[in-house]
2 protein chains.
Amino acid sequence: MSRKEQIDQVATSLFKSRGFAATTMRDLALELGIEAGSLYSHIKSKEDILQRVCFKMADEFNAAFDEVKNQDVPPSEKLRLAIAAHVRVLTKNPPAAGVFLNEWRHLSEPSLSKFHEMRFQYEESLREIVRAGMATGEFKVNDEKFVVLTLLSSLNWLHMWYKPEGKMSPDDIAEFLSNLLLNGLKHF
Amino acid sequence: MSRKEQIDQVATSLFKSRGFAATTMRDLALELGIEAGSLYSHIKSKEDILQRVCFKMADEFNAAFDEVKNQDVPPSEKLRLAIAAHVRVLTKNPPAAGVFLNEWRHLSEPSLSKFHEMRFQYEESLREIVRAGMATGEFKVNDEKFVVLTLLSSLNWLHMWYKPEGKMSPDDIAEFLSNLLLNGLKHF
DNA sequence: CAAATTTGCTAACAGGCGTTCGGTTTAGTA
DNA sequence: TACTAAACCGAACGCCTGTTAGCAAATTTG
């Protein structure tokens, strides 16, 4: 792993636990055992790090979802696959997921607009699945926007809790959450 | 409304949109049309504001839940009531809810520990309802911790989206979310 | 009206911030 | 061994931060 990647990784962990604004370059340097100024041999700026982390995660979410998108399965099954893909990315690198989900607002333009756009597209793809399920009558709801927002927010707390050494694998978690969202507590 | 309350309110709105660390006392003063130093005739410190907002919201959540706690109804109905209470508090003051949910980590000790403790108690009360539902067989799940975390995170995005002038009332929203969580997309 | 209290301004403080820069050490290569 | 390039240091920069102090209006109270 290059020094730059190492910086990104340590920074990600600090950004997640303390927040971007509350993490200083001196904190970061201390964690790496070097001086603050030395960081600038490897990175362009503090926000430079944030951008890399955010857009790398965005790419991973998109890549995972692309494998689901065009499969020829019923909407409910496709939603299961999308949930599993989302959970897999979320649990693969929880600190980065935390930064992606909570620190993106510290991006400045034009990165911020680009980020918004990518997220909108991702959410729109999910809404399409829900709309398809409504059309076939599989999903008994009538507000796909609301459903998708609830869906995402019910998944996006995972990074705060998931531990690789825990007893549930990412796929176990995805199955649990799929059952909960599709069938509810009562018909689980 | 006293000047102090006005400061808290404006600060809440800024803390929510920019984050606590990224909001300066000079920003806040500008918004109020005064100088930064003048704020200190009314408040003790920046964190002083954050503490008031966080603990006031915590009190409101607890108060709303206390009215549900001891009602003699089946667990699924009690969960519906708890969700409705939670949603009501969340939508009553969305900016304050946003600060409560996202900015609490900038509290310093001993406030931070007190906050953690209060949140644990709140979550524990919800877990008790779910456990009761598992015992009666009403809820077909076996991991109340996981369920409660999912439940809360599926509610706690609301403050980002809810607008009082929107077409759904807090009770409409609560009903929608209760149906989704109890019955799922398929049996909605 | 007079006294007291609230509210606000101005200026400054001490420290922290991200970042820059010239020079030095280290590691790799031929 | 001699050269090159990457990695790092240490000091400094200009700016921003929360907060304080002394003083002046404004407002409320008796």
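In what follows, chains carry the letters A, B, and so on, assigned in the order in which the sequence lines appear, proteins first and then strands, with residues in each chain numbered from 1. Side chains included, hydrogens not; waters and symmetry mates left out as well; all remaining heavy atoms used.
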>> side-chain hydrogen bond (donor to acceptor under 3.5 Å, both in side chains), that's the test. Do A/T24 and A/D27 meet it? Break it down for me.
In response: CA-CA 5 Å; A/T24 71; A/D27 288 339; 3.2 Å; yes

> Passes ring pair (Phe, Tyr, Trp, His ring centres under 6.0 Å), B/F120 versus B/F115? Steps please.
Replying inline: CA-CA 9 Å; B/F120 177 84; B/F115 188 88; over 10 Å; no

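A salt bridge between B/K145 and B/E124 is absent, with no side-chain N of the basic residue lying under 4.0 Å from a carboxylate O of the acidic one. Between A/K4 and A/D8, none of the side-chain N atoms (NZ, or NE/NH1/NH2) sits under 4.0 Å from a carboxylate O, so this pair counts as no salt bridge. Here A/E60 pairs with A/K92 in a salt bridge; the nearest charged N to carboxylate O distance falls below 4.0 Å.
Using a 4.0 Å cutoff to heavy atoms of chain B, the contacted part of DNA chain D runs 5' to 3' from D/dT17 to D/dT20.
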>> Using a 4.0 Å heavy-atom cut-off to protein, can you give one letter per nucleotide of nucleotides 10-23 of chain C, 5' to 3': B if the base is in contact, S if only the sugar-phosphate is, - if neither?
In response: B-B----BBBB---

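The CG-P distance, from B/L30 to C/dC9, rounds to 11 Å in whole Å.
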> Which dot-bracket string describes DNA chain D (Watson-Crick N1-N3 plus N6-O4 or O6-N4, or G-U N1-O2 and O6-N3, all under 3.5 Å; [ ] crossing; | other strand)?
Replying inline: ||||||||||||||||||||||||||||.|

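Looking only at atom types and distance, the side chain of B/H86 has a donor-acceptor partner in the side chain of B/N156 under 3.5 Å away. Between the side chains of B/Q9 and B/E5, not a single donor N or O lies within less than 3.5 Å of an accepting N or O.
What you find for A/S17 and B/R105 is that their closest heavy atoms are O-NH1, 3.6 Å.
Of the possible polar contacts, one joining the A/E103 side chain to the A/F20 backbone as a donor-acceptor pair under 3.5 Å is found.
A centroid separation of less than 6.0 Å is found between the aromatic rings of A/F100 and A/F61.
Applying the 4.0 Å criterion to OP1 and OP2 of C/dT6, one finds that B/H42 has every side-chain N and O outside that range.
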